[in-house]
Q: 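Structure in structure tokens, see below.
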Number of protein chains: 4
Amino acid sequence: MDLDDDHFHDECGVFGIYGHPEAANLAYLGLHALQHRGQESAGIVTSDGEQLFVHRAMGLVQDAFDQSQLEKLPGRFAIGHVRYSTAGGSALKNAQPFAVDFALGSLAICHNGNLTNADELRAELEASGSIFQSTSDSEVLIHLVARSRQNSLEDRISDALGRVKGAYSLLFMTEDMLMAVRDPHGVRPLCLGILPGSQHQGRNDAYIVASEPTAFDLIGAEFVRDLEPGEMLIIDGNGMRSLRLGERAAPHMCIFEYVYFARPDSYIQGRSVYEVRKALGERLAREHPVEADVVIPVPDSGVPSAIGYASALKIPFEMGLIRSHYVGRTFIEPQQSIRHFGVRLKLNPVSTILRGKRVIVLDDSIVRGTTSRKIVKMIRDAGAREVHMRISSPPTQWPCYYGIDTPTRRELIASSHTVDEIARYITADSLAYLSLDGMIKAVRGAQALPSSAPPSSSRDVTTQGYCHACFSGEYPIAFQPPANGKRQMRLVGV
Amino acid sequence: MDLDDDHFHDECGVFGIYGHPEAANLAYLGLHALQHRGQESAGIVTSDGEQLFVHRAMGLVQDAFDQSQLEKLPGRFAIGHVRYSTAGGSALKNAQPFAVDFALGSLAICHNGNLTNADELRAELEASGSIFQSTSDSEVLIHLVARSRQNSLEDRISDALGRVKGAYSLLFMTEDMLMAVRDPHGVRPLCLGILPGSQHQGRNDAYIVASEPTAFDLIGAEFVRDLEPGEMLIIDGNGMRSLRLGERAAPHMCIFEYVYFARPDSYIQGRSVYEVRKALGERLAREHPVEADVVIPVPDSGVPSAIGYASALKIPFEMGLIRSHYVGRTFIEPQQSIRHFGVRLKLNPVSTILRGKRVIVLDDSIVRGTTSRKIVKMIRDAGAREVHMRISSPPTQWPCYYGIDTPTRRELIASSHTVDEIARYITADSLAYLSLDGMIKAVRGAQALPSSAPPSSSRDVTTQGYCHACFSGEYPIAFQPPANGKRQMRLVGV
Amino acid sequence: MDLDDDHFHDECGVFGIYGHPEAANLAYLGLHALQHRGQESAGIVTSDGEQLFVHRAMGLVQDAFDQSQLEKLPGRFAIGHVRYSTAGGSALKNAQPFAVDFALGSLAICHNGNLTNADELRAELEASGSIFQSTSDSEVLIHLVARSRQNSLEDRISDALGRVKGAYSLLFMTEDMLMAVRDPHGVRPLCLGILPGSQHQGRNDAYIVASEPTAFDLIGAEFVRDLEPGEMLIIDGNGMRSLRLGERAAPHMCIFEYVYFARPDSYIQGRSVYEVRKALGERLAREHPVEADVVIPVPDSGVPSAIGYASALKIPFEMGLIRSHYVGRTFIEPQQSIRHFGVRLKLNPVSTILRGKRVIVLDDSIVRGTTSRKIVKMIRDAGAREVHMRISSPPTQWPCYYGIDTPTRRELIASSHTVDEIARYITADSLAYLSLDGMIKAVRGAQALPSSAPPSSSRDVTTQGYCHACFSGEYPIAFQPPANGKRQMRLVGV
Amino acid sequence: MDLDDDHFHDECGVFGIYGHPEAANLAYLGLHALQHRGQESAGIVTSDGEQLFVHRAMGLVQDAFDQSQLEKLPGRFAIGHVRYSTAGGSALKNAQPFAVDFALGSLAICHNGNLTNADELRAELEASGSIFQSTSDSEVLIHLVARSRQNSLEDRISDALGRVKGAYSLLFMTEDMLMAVRDPHGVRPLCLGILPGSQHQGRNDAYIVASEPTAFDLIGAEFVRDLEPGEMLIIDGNGMRSLRLGERAAPHMCIFEYVYFARPDSYIQGRSVYEVRKALGERLAREHPVEADVVIPVPDSGVPSAIGYASALKIPFEMGLIRSHYVGRTFIEPQQSIRHFGVRLKLNPVSTILRGKRVIVLDDSIVRGTTSRKIVKMIRDAGAREVHMRISSPPTQWPCYYGIDTPTRRELIASSHTVDEIARYITADSLAYLSLDGMIKAVRGAQALPSSAPPSSSRDVTTQGYCHACFSGEYPIAFQPPANGKRQMRLVGV
């Protein structure tokens with residue numbers, strides 16, 4: 001059985017490093033720190049200044065690489081990628097980074113996001129003679145770069161990005177250059193760090209870009225700032241330059257990064273994810289208080305909001321559900337039906353906490369409702385007198401077209417059911433969601449990263465707009481809804 | 001690098017089931033629920049009434065077994081084992097269950113604990129012509145059974161157990177019988193569950209024995225009771241019988257099960273592990289309060305005691321350290337030294353929680369001190385103004401000879417340093433341990449399992465004595481300290 | 001140590017089948033029968049009429065595929081490939097068949113041969129915006145097809161082939177069509193077979209194309225004929241059509257197929273490989289007789305020519321060297337030097353055959369001379385009085401640019417040494433090669449396949465010209481010698 | 001499908017080396033040279049003088065060991081084993097060498113042969129308290145050694161061997177001693193070699209024992225002599241001593257070693273296996289000549305006898321069947337029936353050799369007849385006018401109880417069919433077997449190893465008796481026929 005829980009899933013994490021003698025090793029560690037953003041495949045491309053070296057494999061970072069493979073990735077700079085993907089597209093050929101030879105040399109790319117006009121562009125490219133070996137948007141982008149009439153790679157990439165629409169945080173790498181780009185709306189996160197030359201055996205500062213600053217923490221690097229929406233950062237032998245990509249657009253950072261995707265120890269757009277989650281819980285407590293004996297989270301994502309909710313209402317916080325550390329993605333299921341089986345592999349109740357109690361359960365979101373229903377029953381079976389579910393975000397009613405794996409609208413329970421109906425379905429005594437307005441206010445009010453954040457970023461903090469399309473249906477970037485769910489390659493296999 | 005953290009380690013978990021058509025599948029699930037007790041190897045033996053079927057492999061339960069291997073384990077009863085072991089003894093030949101042919105048929109055994117006179121017995125057996133293929137105590141026991149002059153297997157096992165000393169929870173299985181035994185002191189836990197016949201497709205009730213009741217929860221079985229110290233439970237075609245093993249001894253349940261080994265959602269000897277840990281934290285707060293802004297646990301084991309400590313002193317509880325879900329036992333380390341590298345792979349601080357704060361950190365124990373030192377520094381580097389370490393058990397000064405993997409006395413920092421010296425070594429502003437008396441009182445006072453617990457067990461609850469030799473040096477069972485640390489086989493390899 | 005013996009190596013074998021319900025299974029068997037043409041990777045693409053299904057993997061056919069992978073390759077037609085490659089190009093991304101999506105649908109290709117203007121074409125394609133993911137010529141060809149302005153796939157392929165030069169036997173496959181093409185010179189072999197509908201559970205005849213007819217034998221198909229040089233055979237729902245590709249060129253079948261590459265039970269261009277080899281031996285006996293006591297082959301390739309040589313001179317034939325069946329491509333070597341180590345792993349002398357004898361050793365060719373030297377010494381160490389080496393082909397002095405893996409000219413001992421010098425180097429009492437003229441006459445005179453061969457093929461048999469560039473330096477097709485040996489991708493890895 | 005051909009199978013090969021700094025590496029090579037004697041599992045035990053080091057694994061020698069595993073086998077002496085086994089007993093726990101700890105230290109053993117009273121001894125040992133973990137005879141032997149009341153290991157082994165009956169070539173090893181033993185009848189071969197100290201970096205001569213001298217050839221050692229039947233050779237720090245085991249028995253070397261088991265480049269009991277096989281063919285020609293156009297062998301075992309047969313009758317010898325090098329033990333079979341499928345994977349006819357010809361086919365034996373039947377049909381399908389099968393040994397009518405894997409009597413076609421009936425079954429125009437007397441004379445008359453063989457061995461050569469029970473039913477050693485075919489362990493699995 002597949003144990004992927006009932007959540008939206010981030011599709012990728014990216015990591016790049018320039019100017020360090022152990023580039024591949026640090027990319028390996030950086031990707032490990034981004035592992036929560038994608039567990040299906042991992043890959044690293046390095047350059048020794050002459051050639052690119054690639055290794056990609058299925059599985060977690062620590063399974064995809066061993067010492068001997070890392071040793072075959074020489075050079076002082078690297079880009080890497082972790083990928084989550086839905087069953088259909090799960091194959092090594094879709095693993096990233098994607099790397100090719102073309103007229104100007106070799107080019108590698110990795111990508112977090114989704115190009116909303118990729119199908120159109122692909123059809124157009126095929127019509128003019130391009131061939132495709134994967135379903136990846138990255139292959140479309142590389143074709144656009146290879147076919148651009150511009151002379152320099154920089155201009156070609158600008159040219160290619162001028163043709164694509166969508167949400168993306170991209171890394172490009174050639175034999176002698178690393179480039180990081182964030183789409184004009186800044187939907188997906190991307191941030192810059194530095195590893196001072198004084199702290200490692202290389203002479204120069206090493207620059208690092210990553211989806212989240214947790215990747216900096218692990219390798220001892222310092223957070224510098226978030227990339228601006230529409231910023232294109234070029235790092236090569238001449239140092240680092242920042243360019244602006246096309247016209248300025250209103251910023252629309254994905255607000256779900258705060259709700260669930262990012263690690264709680266991350267800082268997204270200058271704000272502590274942990275603090276945002278706590279604030280979401282506090283505001284939810286104000287919007288939807290309920291008398292109860294204990295507040296428990298659905299671990300691990302619900303912990304900070306449960307702490308916030310509990311402290312706001314002065315109700316004791318307890319870890320009433322214990323999460324197993326040992327569950328992989330698949331598990332052999334007995335033939336005989338066992339109650340709440342899938343959920344039990346991950347979660348088990350602490351009955352002394354729950355027996356006879358009025359219990360408030362904090363979770364970040366409800367997707368299909370099936371998992372929530374099992375959790376409520378499990379808590380009730382453990383003896384709870386009342387079970388009140390509180391969700392630290394609004395109802396998720398709309399699919400994401402910007403790089404997040406979501407079910408179709410039809411499968412999202414909130415798209416066709418009222419809150420009361422959902423409460424009845426999950427058999428909770430009460431159910432309440434945080435309001436959209438409350439969520440945005442909680443994010444805005446949350447504690448920001450201190451002094452180290454540069455002025456430009458802190459400015460963004462105050463004026464930041466968010467993409468909340470999955471809650472509101474207000475999509476900031478035009479898209480073509482896919483005909484039959486997922487884009488399909490006609491070619492199947494490895 | 002090896003990431004095994006700086007803890008004592010339980011060496012094993014055992015699981016047995018009698019009378020279920022999916023015995024191997026349920027053993028697989030039950031072992032998964034005991035995975036925290038041993039991650040190095042896993043094995044299951046089943047019986048179809050005629051023959052025993054064995055599969056053992058290195059790795060986690062979900063890696064050691066796949067569907068096809070489970071299908072090669074037919075029959076209605078099974079015993080299984082998960083094993084942790086130190087580097088030296090890490091080999092398939094030491095994996096359990098151990099199974100042989102002997103005069104009365106086939107016999108399989110699995111074992112949590114340690115026989116303190118195994119070396120003596122082994123020497124004696126060798127002198128009279130026995131051969132040994134592993135370093136396992138189980139092989140000694142099987143030899144004693146095979147050489148016993150008694151007629152029935154039951155009598156032979158009693159005879160054999162009459163010769164061994166030590167701490168053990170044992171399962172035996174033959175072609176048509178399952179037996180569970182707990183040593184007279186009841187050092188290691190073992191409990192009985194039932195899966196009512198009405199709830200599965202078999203006609204009869206299935207009986208289950210396991211190290212912890214978490215194994216019952218996952219498969220939907222009900223907890224019946226703990227085995228009594230010195231109890232020998234025989235389950236066969238005639239139903240279940242309970243015998244008493246030799247003379248009665250004072251009970252000495254390992255108190256460290258509450259402190260760290262058992263899962264927080266377990267009930268050991270009738271008490272909720274979670275509640276005990278919370279009570280340890282509350283009592284520690286009373287014994288060693290300190291003014292501070294925030295209480296944080298070292299996750300996951302420190303969470304309940306931190307909640308208890310925080311609530312006792314009305315200081316906010318926060319998850320100031322975030323634990324990664326993706327760390328296996330080994331990891332490739334960069335050549336360049338990275339601050340707190342090993343700890344960072346598992347833990348990362350949330351700096352908004354810690355910056356400028358007086359922080360109390362709750363952990364369950366300090367073994368060598370190296371990890372604590374890194375944690376304190378990491379918290380301080382994240383901006384904490386003060387760091388106060390609180391340990392929810394007394395200083396661990398003595399090795400365990402009853403089945404727990406502990407360093408030698410020399411490596412235990414508390415055996416040769418005062419609390420102040422340790423505080424200085426780990427660079428904490430203050431350090432305090434719970435007193436031995438406090439620990440025992442906290443355990444005794446903790447909330448017990450409700451109604452379902454049978455009278456006999458609840459009686460035990462009030463009169464229970466504990467083994468706390470690792471804290472006090474008061475060893476309840478005689479032992480011979482091994483000459484050079486670990487017992488060594490002269491034979492190395494697979 | 002790498003045990004690849006000191007031979008030229010064929011680079012590939014191809015197999016295609018159209019119209020059989022077990023297409024993937026038969027492709028698997030057919031590739032096994034072509035395994036001697038390439039041992040590094042294997043791949044199969046099938047079509048179910050709607051989609052292509054691909055599986056490629058490193059290793060022998062029987063290792064690259066298991067039952068479950070074959071079951072994921074549905075459909076009634078298939079193409080497959082086995083590949084040998086030199087260390088540098090050894091990677092899954094170079095494994096064939098190569099398959100892509102393009103404007104007209106999906107297209108798969110596999111290829112035995114070498115395009116001599118691939119570098120030029122690749123540079124040209126890159127200049128106009130193409131990207132490359134492998135070093136394979138096939139990728140160049142697919143780009144040419146995808147970029148062709150012709151409407152039908154047939155015309156596009158003709159168009160693309162009109163631009164390439166070189167030696168090739170190609171298979172193309174789309175969702176509903178299979179195409180087989182042999183270059184105008186007919187350098188590499190390719191033949192057609194049939195599996196009559198009456199003999200399998202499908203209603204219709206199944207057509208098969210393969211590098212050698214041994215692939216037909218294994219699956220019970222019948223040999224129909226060799227493809228003509230420059231023939232393009234199209235098999236689809238409308239049956240089979242044959243077209244001629246561009247202008248007619250003089251036929252130049254690779255004569256080395258007879259000398260070494262093909263299996264002795266094969267028929268190449270209508271002639272039995274075994275009979276040709278025997279005739280080479282007989283003619284060599286006439287050109288270079290020597291008085292001796294015994295004729296022995298270097299097994300297995302030297303067996304038929306040794307039989308021919310021995311019978312021509314009425315000297316006893318014996319298997320004086322025994323070949324091991326159990327040697328893979330790599331082997332762990334002891335540190336201490338052992339005489340003739342690498343050769344001994346494969347060959348061991350029968351000393352009663354050799355002791356005190358004048359021995360004639362038959363081999364098919366000498367490449368670097370190092371192996372021959374070890375063989376001569378091994379025979380002499382076994383007690384031979386004289387060792388006379390006879391080679392059943394002329395000295396190999398020139399590299400192949402038509403799809404065979406040969407060392408550079410510099411490494412070919414015969415390119416810079418006289419026969420006497422080589423004899424001295426390999427320490428033989430005498431050494432003689434077959435003359436070029438003698439080789440061609442032996443081939444022409446050898447027994448041809450009987451009745452089943454169609455008129456067109458038998459005509460070819462009499463007028464057939466051969467490529468013998470590796471012996472003569474007369475290259476029938478223009479080529480650009482690669483700058484630095486092998487064409488290199490700038491991109492390294494998987 | 002399982003491709004094990006229709007032959008008797010040797011069950012094991014053994015190799016031991018004493019006194020070489022690269023003992024494990026040389027054992028690895030030596031076992032490779034004995035690979036034809038067992039392909040299912042391989043194992044090596046070394047000693048560094050203090051401890052034994054073991055590695056055993058399933059598969060061929062080159063798959064069972066890699067560099068890192070060999071490096072974990074330190075020390076200057078080693079014993080190793082390759083094992084063939086029938087499906088039922090195929091498990092790592094039965095792999096050898098078998099190694100244990102016992103009263104005198106560690107002891108490893110490996111074994112080629114079969115103890116005919118093992119079941120009795122096992123029952124007796126179990127009755128007195130022994131436990132068994134495998135079905136191996138070796139475990140019985142080790143128990144007898146461990147339980148012997150003698151003081152020295154030497155005496156204990158003599159004592160133990162005094163109790164066993166059967167055919168065995170055994171190696172024992174302790175921390176500081178290597179011992180080689182051949183049973184009193186000398187049924188299974190075992191020979192002694194030397195690697196002079198001057199030829200390797202160790203100071204002293206290294207002694208080697210192996211099933212066949214091919215193992216010496218590969219590592220550059222010299223053949224010294226065969227062990228005498230009933231000889232016990234002890235090599236330790238004091239040099240080499242030879243003892244005689246119990247009473248002298250009539251020598252009965254397995255004659256089938258010459259017919260099929262041994263490699264043709266081997267010398268068994270002083271005679272060249274190749275020369276014996278040629279002599280078998282020559283004598284068969286005299287006993288059963290037939291007019292024909294060509295003599296072909298079933299490769300590879302039939303080659304020398306076919307050469308002998310052909311030269312005796314002056315009929316041309318040809319390789320009319322080509323054997324594939326690439327067939328492992330299992331292969332995926334298509335659902336549709338393909339004529340002669342299993343045989344075709346291994347053998348393919350050369351039709352120009354066979355078409356219209358009267359063909360004599362030489363094979364070493366017929367077991368069930370199924371393979372011979374397919375071969376005859378395949379040759380006839382290739383166009384042969386007549387097919388005459390000649391077998392270079394008498395009809396195999398009796399199972400072997402001395403260490404060879406044979407079918408039950410019932411499955412041996414010759415036990416219940418006349419030669420004419422078999423001829424009809426296999427559809428041959430004629431069939432003839434060599435007579436028992438002819439076989440023995442051919443062996444006795446065959447060319448012996450020259451000068452290097454010591455007097456004692458050459459004496460044996462003239463007086464040697466053979467075991468030919470499988471042909472004659474004259475079993476030289478008493479045995480208990482197993483109740484139900486194979487001895488079964490009650491315990492199944494790993």
Side-chain angles (χ1 to χ4, degrees), chain A residues 21-22 25-26 28-29 32-33 35-36 39 60-63 65-67 70 200-201 214 217-220 263-265 272 274-275 300 303-304 307 311 316-319 322-328 330-332 334-336 338-339 341 344-345 348-353 355 383 447 449-450, chain B residues 21-22 25-26 28-29 32-33 35-36 39 60-62 65-67 70 200-201 214 217-220 263-265 272 274-275 278 300 303-304 307 311 316-319 322-328 330-332 334-336 338-339 341 344-345 348-353 355 383 447 449-450:
Chain A
E22 286 193 66
N25 280 341
L26 296 192
Y28 165 82
L29 294 173
H32 169 72
Q35 187 77 78
H36 59 290
Q39 297 93 46
L60 296 181
V61 175
Q62 64 193 78
D63 300 326
F65 291 88
D66 63 21
Q67 189 66 52
L70 285 175
H200 66 88
Q201 72 244 47
T214 48
D217 293 349
L218 180 53
I219 63 171
R263 258 173 59 166
D265 48 330
S272 157
Y274 185 97
E275 295 291 346
D300 285 350
V303 170
I307 290 176
S311 82
F317 165 89
E318 299 282 358
M319 293 293 276
I322 300 300
R323 175 170 172 158
S324 168
H325 292 142
Y326 301 106
V327 189
T330 56
F331 219 84
I332 298 165
Q335 300 176 306
Q336 115 156 24
I338 288 179
R339 284 174 304 168
F341 176 68
R344 283 241 186 238
L345 280 172
N348 201 35
V350 180
S351 56
T352 48
I353 295 295
R355 198 172 340 108
Q447 194 178 346
L449 200 68
Chain B
E22 287 192 66
N25 280 340
L26 296 192
Y28 166 81
L29 294 172
H32 168 73
Q35 187 77 78
H36 59 288
Q39 297 92 46
L60 295 181
V61 175
Q62 64 192 79
F65 291 88
D66 62 22
Q67 188 67 53
L70 285 176
H200 66 88
Q201 72 244 45
T214 49
D217 294 350
L218 180 52
I219 62 170
R263 258 173 59 166
D265 48 330
S272 158
Y274 185 97
E275 296 291 346
K278 238 176 79 181
D300 284 352
V303 170
I307 291 176
S311 81
F317 165 88
E318 301 281 359
M319 293 292 278
I322 301 299
R323 176 170 171 158
S324 169
H325 292 143
Y326 301 106
V327 189
T330 57
F331 220 84
I332 298 165
Q335 299 176 306
Q336 117 155 24
I338 289 180
R339 284 174 302 167
F341 176 69
R344 283 243 187 237
L345 280 171
N348 201 36
V350 180
S351 57
T352 49
I353 295 295
R355 199 172 339 108
Q447 194 176 346
L449 199 69

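Values below: all heavy atoms of this structure, side chains included; hydrogens, waters and symmetry mates excluded. In the text below, chain A, chain B and the rest are named by the order of the sequence lines, each starting its count at 1.
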Q: Quick one: CD on A/Glu22 to CG on A/Leu70, what's the gap to the nearest 0.5 Å?
A: 10.0 Å
Q: Are any non-hydrogen side-chain atoms of B/Val303 and B/Tyr274 less than 4.5 angstrom apart?
A: no
Q: Hey, is the main chain of A/His32 close enough, under 3.5 Å, to the side chain of A/Gln62 for a donor-acceptor pair?
A: no
Q: Here's a test for you: under side chain to side chain contact (heavy atoms under 4.5 Å, CB included), which of B/Leu29, B/Asp217, B/Thr214 qualifies with A/Arg344?
A: B/Asp217
Q: Quick one: what part of A/Asp300 sits under 4.5 Å from any heavy atom of chain B, side chain, backbone, both or neither?
A: side chain
Q: Using a cut-off of under 4.5 Å on heavy-atom pairs, state which of A/Glu318, A/His36, A/Arg263 scores highest against chain B.
A: A/Glu318
Q: Please look at A/Pro349 and chain B and tell me whether the side chain, the backbone, both or neither of the residue comes under 4.5 angstrom of a heavy atom of that chain.
A: backbone
Q: Side chain from CB out, backbone as N, CA, C, O: work out which of these in B/Asn25 comes under 4.5 Å of a heavy atom of chain A, or both, or neither.
A: side chain
Q: Check each atom of B/Ile307 against the heavy atoms of chain A and say whether the ones under 4.5 Å are side chain, backbone, both or neither.
A: side chain
Q: Go through the atoms of A/Ile353 and report whether side chain, backbone, both or neither lie under 4.5 Å from a heavy atom of chain B.
A: both
Q: Are side-chain heavy atoms of B/Val350 and B/Met319 found at a separation under 4.5 Å?
A: no
Q: Mind checking the CG-CD1 spacing from A/Asp265 to B/Ile322? Nearest 0.5 Å is all I need.
A: 5.5 Å
Q: Counting heavy-atom pairs under 4.5 Å to chain A, which of B/Ile219, B/Leu60, B/Leu26 comes out on top?
A: B/Ile219
Q: Please classify the contact between A/Phe65 and chain B as side chain, backbone, both or neither, with a heavy-atom cut-off of under 4.5 Å.
A: backbone
